[in-house]
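Notes to accompany the following structure.
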Amino acid sequence: MTDPVYERVRANPKFKELTRKRGRLAIVLSLIVLVGYYALMMAVAFAPDTLRQPLAEGSMISIGFPIAAVVIVVSWLLTGVYSYFANGEFEDLNNQIVEESGQ
Amino acid sequence: MSAQAFAKAFGAFAVVSLTAGAAFAAGDMGAAAKQPINPTAIAMFVAFVGATLGITYWAAKRTKSASDFYTAGGGISGFQNGLAIAGDYMSAATLLGLSSLVYLTGFDGMAYTVSFFVGWPIILFLMAERLRNLGRFTFADIASYRLDQSKVRTFAALGSLTVVICYLIVQMVGAGQLIKLLFGLDYAVAVVLVGVLMVIYVTFGGMIATTWVQIIKACLMLGGGFLLLFLTLAHFGFSLESVFAKATEAHKNGVKILGPGALLADPVSTVSMSLGLVFGTAALPHIMMRFFTVPNAKEARKSVFVASGLIGAFFLVVCILGVAAISIVGSNPQYFEGGQVGGKLIGGNNMPIMHLAQAMGGDMLLGFMSAVAFATILAVVAGLALAGASSIAHDLYARVIRKGQATEAEEMRVSKLSSLFLGVVGVGLGILFEKQNVAFLVGLTFGIAASANFPVLILSMYWKGLTTKGALLGGLTGLLSAVGFVVLSKTVWVAVIGFDKPIFPYEHPALFSMTLAFLVTIVVSKLDASAQAKREIAAYDDQYVRSQTGIGAAAASAH
């Protein structure tokens, strides 16, 4: 019952390459975001004093604020990293696969 | 109709109430005197409504097919869709709720804001391309790709409609109260006005109008936010150092606001809350719908990149404004009831950013921000109504009742009737819930989305072994347990029913109900040895190719 077009795609080594590479990138980036975020939340729960330290000698800004801001900014930059590869290199690979599928 | 009800209702509607163990019960959010009528606010608002009705007229002429109606024909660009997603996500709750949370708690509010953001990169990495490649009009399209159409669509529609209606009530109650306060209109009149505009946008303009309303609103909100940030920083000589120094001087907790406080101290609550926020966001029907409005996966990725950049920037702006409001608003008697600094804020605890706007830009800026807040509610309810209407018309009517035999014209007629029906239901319930504390509905919305919709959605995309039985039983387990836990938690058991102690000790069900849903789905699927289950598992291989490459998706959306 499987579609011959999909059958051909599955047999294409480029398809395996695409799913492997893009999947790995997605997992690695997700882990960076989640580990960073949950590290912050665990610091909030278990080590609140570390986040209260001043940013610099005599500063009224605690390091907690810039760290939280960094989690947001880095998470966003990583969406840029993913889009850069997924819409560039991987998209080209994807287009080749679609072409070769003879659809 | 007192300000107390306003405070309760609006407090509920704001994210503030989503927080675990929030220190501020809805009851003491402050009594409000009705604000004097602000001509700028009214002029701005009338201009917004006029412009959006114009767009609806323009969009109506371009809405010919079901695909135009549900997804703007897939013709929205990645950048436009990014703006629209940002608009969907930067609700009045974000603007008012997050800023007031920072104003009240300092760092805790900032940490909470991060939790509200971090779902976006995860949506991009794990879901965006598969959503786009597999879905057409609703998320049920994805779950029913290889599972039993009727059963899965019925379940998905049930999950979507529950989420949509809960969120609609919350928005309606918040809108009624906010408009009453800022524009001096009667509560019922305000709710009816919101309902009527919502039905007009959706029925005539469909997704094209809804998207452009959202884009305009997002631009206004970002513009207003950055203008306010500029004026505020100018006030402090562009020194963040001085913003913080003044804030610690003015806040009653002093330097304690610079670090974690009581809000997120319990790790179980915090994790449960963050799971609900992250995965609930990923499974909100009106957010998922946005992924079907772009032509392909490439544009879908671009739209999340744009959306998360705008949302992230806006959240950071909102946090800085919250800290700045501590000294500017928190030490000025003009913004407190009876001029008592440290007493009750005029308009309730969600108003710091509005007062800050007044302090920095006078009544002009206050009027502008008020109009933006109202525009925001209108845009969000329009998105909700459209998501609900597509569930009823596309999933229930066209696929389940008519088994795919309905003509496009019939389906569109039903979708328009559905949005009218949702408008009536929204207005009715909005009026009915006027004096209720609707805090539990916010928890319920995210809890159900994360526990009923999300497990079925993610497993249907990622797990070959999923079967119809597993999806149905697991999804229903998630739905019922999320509702059950919320009913047994403080927000309903104590605050609504009036018992002394909650049976379920946490306010957020997701950690438990979502885990339960996943477990039941997986176990039931594994035990399902029917011939149907074998076919469904075998069909995964083709689905996998389509989800990765988009082959077959283009044909589907051109249909």
Side-chain angles (χ1 to χ4, degrees), chain A residues 1-3 5-7 9-10 15 18-19 22-23 25-30 32-34 36-38 40-55 59-65 68-69 71-73 75-80 82-84 86-87 91 94 97-98 101 103, chain B residues 106-108 110-111 113-115 117-118 120-122 124-126 129 240-248 255-256 258-261 263-267 270-271 274 278 297-298 301-302 304-305 308-309 311-313 315-316 319 323 535 538-539 541-546 548-552:
Chain A
M1 63 172 277
T2 168
D3 190 314
V5 174
Y6 291 141
E7 196 65 59
V9 172
R10 268 195 299 277
F15 179 67
L18 170 73
T19 53
R22 196 167 60 190
L25 180 68
I27 294 292
V28 168
L29 295 180
S30 301
I32 296 175
V33 169
L34 290 175
Y37 164 67
Y38 279 104
L40 172 68
M41 297 317 272
M42 290 304 110
V44 168
F46 297 112
D49 285 335
T50 52
L51 297 171
R52 289 199 187 101
Q53 286 163 9
L55 184 58
S59 169
M60 284 313 292
I61 304 175
S62 62
I63 58 168
F65 283 93
V71 172
I72 291 184
V73 172
S75 302
W76 174 64
L77 290 176
L78 293 180
T79 66
Y82 184 79
S83 301
Y84 176 78
N87 282 354
E91 188 69 13
N94 199 5
I97 294 168
V98 174
S101 76
Q103 197 211 12
Chain B
F107 178 79
D108 278 352
M110 176 95 184
T113 304
V114 177
S115 308
F117 175 77
V118 93
W120 281 103
I122 304 300
L124 172 65
F125 304 151
L126 301 181
E129 69 212 15
L240 275 178
E241 193 64 49
S242 136
V243 174
F244 277 82
K246 287 274 195 295
T248 49
V255 292
K256 283 202 189 125
L258 298 175
L263 196 60
L264 302 166
D266 174 10
T270 304
V271 169
S274 78
V278 172
K298 185 176 179 182
R301 290 183 205 107
K302 212 185 281 175
V304 185
F305 173 67
S308 52
I311 295 167
F315 278 13
L316 291 176
C319 285
V323 177
R535 277 199 306 278
D541 289 343
D542 281 2
Q543 181 198 312
Y544 181 70
V545 174
R546 173 164 159 184
Q548 292 280 358
T549 60
I551 295 174

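Here is how names work: the chains are called A, B, and so on, in the same order as the sequence lines, proteins then strands, and each is numbered from 1. If you're wondering where the values come from, they're calculated on a predicted model, not measured in any experiment.
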Are the side chains of P121(B) and L29(A) in contact, using a 4.5 Å heavy-atom criterion? no

Do the side chain of E241(B) and the main chain of M60(A) share a donor and acceptor less than 3.5 angstrom apart? yes

Which answer fits S308(B), side chain, backbone, both or neither, if we ask what part of it has an atom under 4.5 Å from a heavy atom of chain A? both

Quick check for you: to the nearest 0.5 Å, what is the distance between D541(B) atom CG and D3(A) atom CG? 12.5 Å

Measure the NZ-OG distance between K256(B) and S62(A) for me, rounded to the nearest 0.5 Å. 14.5 Å

I61(A) CD1 to F244(B) CZ distance, which is reported to the nearest 0.5 Å: 5.0 Å

Look at R22(A), Q53(A), M42(A) and state which one has the largest set of heavy-atom pairs under 4.5 Å with chain B. R22(A)

Looking only at non-hydrogen atoms, find the nearest pair between I551(B) and S101(A) and report the distance. CD1-OG, 3.9 Å

Interface check, chain B: of P54(A), A26(A), G36(A), A43(A), most non-hydrogen pairs under 4.5 Å belong to A26(A)

Would you say T549(B) and F15(A) make side-chain contact, with heavy atoms under 4.5 Å? yes

Rounding to 0.5 Å, atoms OG1 (T19(A)) and CD (Q548(B)) come to a distance of 5.5 Å

Separation between CZ (F107(B)) and CG (L51(A)), nearest 0.5 Å, reads 4.5 Å

Examine distances only and state if a side-chain atom of N87(A) and a backbone atom of R301(B) form a donor-acceptor pair shorter than 3.5 Å. no

Is there a side-chain contact between F305(B) and Y84(A), using heavy atoms and a 4.5 Å cut-off? no

Is Y37(A) in contact with chain B via its backbone, its side chain, both, or neither, using a 4.5 Å heavy-atom distance? side chain

Would you compute the distance between atom CG of L124(B) and atom CH2 of W76(A) and round it to the nearest 0.5 angstrom? 12.5 Å

I311(B), part contacting chain A, at a heavy-atom distance under 4.5 Å: neither

Can you check whether Y38(A) reaches S274(B) side chain to side chain, under 4.5 Å on heavy atoms? yes

Between chain A and each of G312(B), G106(B), P267(B), count heavy-atom pairs under 4.5 Å; write down the option with the most. P267(B)

Do V304(B) and Y82(A) come close enough that some side-chain heavy atom pair is under 4.5 Å? no

Using heavy-atom distances under 4.5 Å, tell me whether N94(A) contacts chain B through its side chain, its backbone, both, or neither. side chain

I want to check something: taking the side chain as every heavy atom from C-beta on, are F117(B) and V71(A) in contact at a cut-off of under 4.5 Å? no

Please classify the contact of V243(B) with chain A as side chain, backbone, both or neither, using a heavy-atom distance under 4.5 Å. neither

Are Y6(A) and Y544(B) close enough that their ring centers fall under 6.0 Å? no

Under the rule for salt bridge (Lys or Arg N to Asp or Glu O under 4.0 Å), what residues qualify as partners of K302(B), not counting sequence neighbours? E299(B)

At their closest point, which heavy atom of F315(B) faces which heavy atom of I72(A), and how far apart are they? CB-CD1, 4.5 Å

Look at I63(A), L55(A), V33(A), L77(A) and state which one has the largest set of heavy-atom pairs under 4.5 Å with chain B. V33(A)

Has the side chain of R52(A) got a donor or acceptor atom that lies under 3.5 Å from a matching backbone atom of L258(B)? no

Tell me, side chain or backbone of V9(A) under 4.5 Å from chain B's heavy atoms, or both, or neither? side chain

Side-chain touch S75(A)/V118(B), heavy atoms, less than 4.5 angstrom: yes

